[in-house]
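The next block holds one structure in the form of structure tokens; read it before the comments.
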Number of protein chains: 4
Amino acid sequence: MTENRTPDSSRRSERSRRAIHDAALGLVGEVGYPKTTIEAIAARAGVGKQTIYRWWPSKAAVLLDAFVALGERTAGRAEGEPAPALPDTGDLAADLGTVLRATVDELNDPAFEAPTRALAAEGIVDPRLGAEFVEKLLAPSFELYAARLRAAQEAGQVRADADPRVALELLVGPVTHRWLLRTGPLTHDYADAIVDHVLRGLLPNP
Amino acid sequence: MTENRTPDSSRRSERSRRAIHDAALGLVGEVGYPKTTIEAIAARAGVGKQTIYRWWPSKAAVLLDAFVALGERTAGRAEGEPAPALPDTGDLAADLGTVLRATVDELNDPAFEAPTRALAAEGIVDPRLGAEFVEKLLAPSFELYAARLRAAQEAGQVRADADPRVALELLVGPVTHRWLLRTGPLTHDYADAIVDHVLRGLLPNP
Amino acid sequence: MTENRTPDSSRRSERSRRAIHDAALGLVGEVGYPKTTIEAIAARAGVGKQTIYRWWPSKAAVLLDAFVALGERTAGRAEGEPAPALPDTGDLAADLGTVLRATVDELNDPAFEAPTRALAAEGIVDPRLGAEFVEKLLAPSFELYAARLRAAQEAGQVRADADPRVALELLVGPVTHRWLLRTGPLTHDYADAIVDHVLRGLLPNP
Amino acid sequence: MTENRTPDSSRRSERSRRAIHDAALGLVGEVGYPKTTIEAIAARAGVGKQTIYRWWPSKAAVLLDAFVALGERTAGRAEGEPAPALPDTGDLAADLGTVLRATVDELNDPAFEAPTRALAAEGIVDPRLGAEFVEKLLAPSFELYAARLRAAQEAGQVRADADPRVALELLVGPVTHRWLLRTGPLTHDYADAIVDHVLRGLLPNP
DNA sequence: ACATAATCGAGACGGTACGTCAGGTCTTTTT
DNA sequence: AAAAAGACCTGACGTACCGTCTCGATTATGT
């Protein structure tokens, strides 16, 4: 009965897509995620509601797309994807510290905070969106951590029997935990402390 | 004009309170949190909507209350609060492993999953609720971890310069991270791996 | 599944009812029936849409109610209904002529024309509404015609074997026909001609 | 800016025209007039929406065209126009009765009822369409009545001072009145009664 | 023991947004 | 040049809930 016709994406209006992205980000920044309605996005974008419903399944999906596109634009990259590499000075502790501090800074950046929290919250409840959130926003940087750890492992700076995925989560888990639950201040010192503790546990057995 | 009268809680109907708790938990279990509306809770509880609005500020607050009460009831405790202590067999790794595995089991329990995720999600976005969520549901067990770690520290099993709060987050952070973001299977093995890594980092300097 | 709860009319807001009537009539007069939307009625009446949907099944039903109430208010009568009697001067032709001319005037009154046409049109397509339209707006006056004709019949001015319902339709049918289909000018002369022809056919057999 | 170009009707696709007619009639029969949408007509006819908008001003106009074409096809006539004559047996009452009964039968034919009512309703509200409706569907038969009455008048069977247009409306008005308003059963007996009454009023003065 | 006052169940109300539908315009590609 | 296809903006639909509000009908003290 209800036909699930998928629209012809080759005829999609690029103008509308961009306008919707911008409107979504603008509104979330100005009035917050919960008060950002699809109706308002459409109105601000000068677009029919149907044009949103045609291409996205939910408000959160719109915002996720917009956010990803924003990240790419901000990073200067085109909508294709090569992401920059994690520094490798040879000093593992310093390298991880640098990046974890950067992560902390980003989480503390008020411009990013609102939409990121909103998307994380939606993703927690909606597995589909959660997977997309992780894949598009988190996975890339996770992979960089893992790569750097593997390099260190090969250089003998890290125990051979350590799983880089687990190590990665030991670094990132506490930080996001503190950020999400607001159980304490999210500072560079905290990032350093995490790196310090974790690396102690990863040292090769003497 | 509109007086903001705070209701007289001594006249509060215990019957209604319980009915609302039950209705909220039932609905969240059956239709999920987003489709659980205040109107539906009121209807199922056989209660006027105003009775909910009188005593709770939001749907999430209702669920949080209901969930806390459920936890207490399940644990056999009265609505007062003494929480059981964390085991201390002298073997720190074993003790932490036991408890972290229990946490993993609870997070995997389908009955608890839906409401916990919903509350976590709301808490991420709403700081007030987040604080209450942490305070009522997480803080108690966090405190137990911290106590056990302090005991181990005093016994010389853990470096004197380690911060128990940080150590705690090293244990709990990765687990909740994996649970919230669904980045991997949440198993006993994973709990053990976390404990193993973290304790290595906490050993007294040789 | 879909509960058909009927609202409690004793709690109905009289204020809203009147405001909706006025808004409906105002809008139909100003922008015409097809461009009068339920949304606009609600907005102009300062009322939630649901309040309209709660009490009326359709836009046409709203207008019909409003129109009936208007008719009663205009006629000075309260919302109860005793309708005035048709004159009986003894001269049947004169009496019928008077009333049919009045009907013609009413049909030509621009204030009444738009809503009446709209309601008639809806009634033609929707039997339920049509019945209500006839019952509430037309039947009362029809009954007066019939009564006057019966009186004439008893006075021997009309054939005993004539059916007053049919006679009534002979008078009223051509007038409404011409009005609805705009097949010719709707004048007093036309009314007189109709009365003349019809009465010839109703004279007692010589 | 937007030119109001009138399309070149010589290049019009006959195939599409017929398909649109058929789709319109089919849909009105199946789902009723209000639920028959231009979009649905286009889809069923395998035609672009623009093709409809190019050639017709409104849904009602499409249906009217389709209905007229259907009537002509049904009557076996080509799309040109000669309409059959009304019988003249010399017995005016019998002749009019025959035709009025035929009219009654047509109005009672369920296949014709839905579209006719829909068109009549639209015509009541939209004068332009109303005129077309009368002109294309009603006027031809009206003219036949008028012709027959004129013949009778010349034969001295009808008063010389009677206006055939009025006489015609005396016959047709009550029937359509009853049909449109559903104020009573539309039977052959009713048709006969109307003819009887009307002819009494048309007899030459003794 | 009873009056008094608050809570309670119920649900109508003014609103906001939802997700859907169709209208009528426009563009792209095919015939 | 007209046609099939269908994306687009627009705007109304009817529904679902929101949070507020009034209405009797219970309570539940505190004099």
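In the text below, chain A, chain B and the rest are named by the order of the sequence lines, each starting its count at 1. Here the structure is a predicted model, which is why all the values come from computation and not from measurement.
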Open item on the list: Across nucleotides 25-31 of chain F, 5' to 3', mark each nucleotide with B, S or - according to how protein heavy atoms within less than 4.0 Å reach it.
Closed with: --BB---
Task: Nearest heavy-atom neighbours spanning Ala60(B) and Leu119(B) - done: O-CD2, 3.5 Å
Open item on the list: Across nucleotides 14-24 of chain E, 5' to 3', mark each nucleotide with B, S or - according to how protein heavy atoms within less than 4.0 Å reach it.
Closed with: BB-BBBBBBSB
Expected list for residues 120-130 of chain B: side-chain donor-acceptor pairs under 3.5 angstrom, two or more places apart:
| residue | atom | partner | partner atom | Å |
| --- | --- | --- | --- | --- |
| Glu122(B) | OE2 | Tyr33(B) | OH | 3.0 |
| Asp126(B) | OD1 | Arg128(B) | N | 3.0 |
| Asp126(B) | OD1 | Leu129(B) | N | 3.3 |

Task: Separation of atom CZ in Arg12(A) from atom P in dT28(E), rounded to whole Å - done: 17 Å
Open item on the list: Return the OG to CZ distance between Ser13(C) and Arg18(C), rounded to the nearest 0.5 Å.
Closed with: 11.5 Å
Open item on the list: When you measure from the side chain of Thr51(C) to the backbone of Val47(C), do you find a donor-acceptor pair of N or O atoms at a distance under 3.5 Å?
Closed with: no
Open item on the list: Looking at dG14(F), I'd like to know if its phosphate oxygens (OP1 or OP2) sit under 4.0 Å from a side-chain N or O belonging to Trp56(C).
Closed with: no
TODO: Give the rounded distance in Å between these two atoms: CZ of Arg18(B) and C1' of dC8(E).
DONE: 19 Å
- [ ] Any chance you could lay out the salt bridge (charged side-chain N to carboxylate O under 4.0 Å, His left out) test for Asp65(D) and Arg17(D), step after step, and finish with the verdict?
- [x] CA-CA 10 Å; Asp65(D) 258 27; Arg17(D) 204 181 111 263; 5.6 Å; no
Open item on the list: If you define the side chain from C-beta out and look only at heavy atoms, does anything of Ile38(C) sit under 4.5 Å from Val62(C)?
Closed with: no
Open item on the list: Side-chain N or O of Trp55(D) versus OP1/OP2 of dA3(F): is the shortest distance under 4.0 Å?
Closed with: yes
TODO: Please confirm whether the backbone N or O of Arg12(B) pairs with a side-chain atom of Ser9(B), one donor and one acceptor, at under 3.5 Å?
DONE: no
- [ ] Measure from CD on Glu14(D) to P on dA3(F) and round the result to the nearest Å.
- [x] 11 Å
Open item on the list: If I take atom CD1 in residue Ile52(A) and atom P in nucleotide dG11(F), what distance separates them, rounded to the nearest angstrom?
Closed with: 16 Å
Open item on the list: I need the CD1-C1' distance between Ile41(C) and dA12(F), as an integer number of Å.
Closed with: 12 Å
TODO: Can you tell me the distance, in whole Å, between the CD1 atom of Ile20(B) and the P atom of dG9(E)?
DONE: 7 Å
- [ ] Measure the NZ-CD distance between Lys59(D) and Glu39(D) for me, rounded to the nearest 0.5 Å.
- [x] 12.0 Å
Task: Arg44(B) and Glu30(B) ion-paired at < 4.0 Å - done: yes
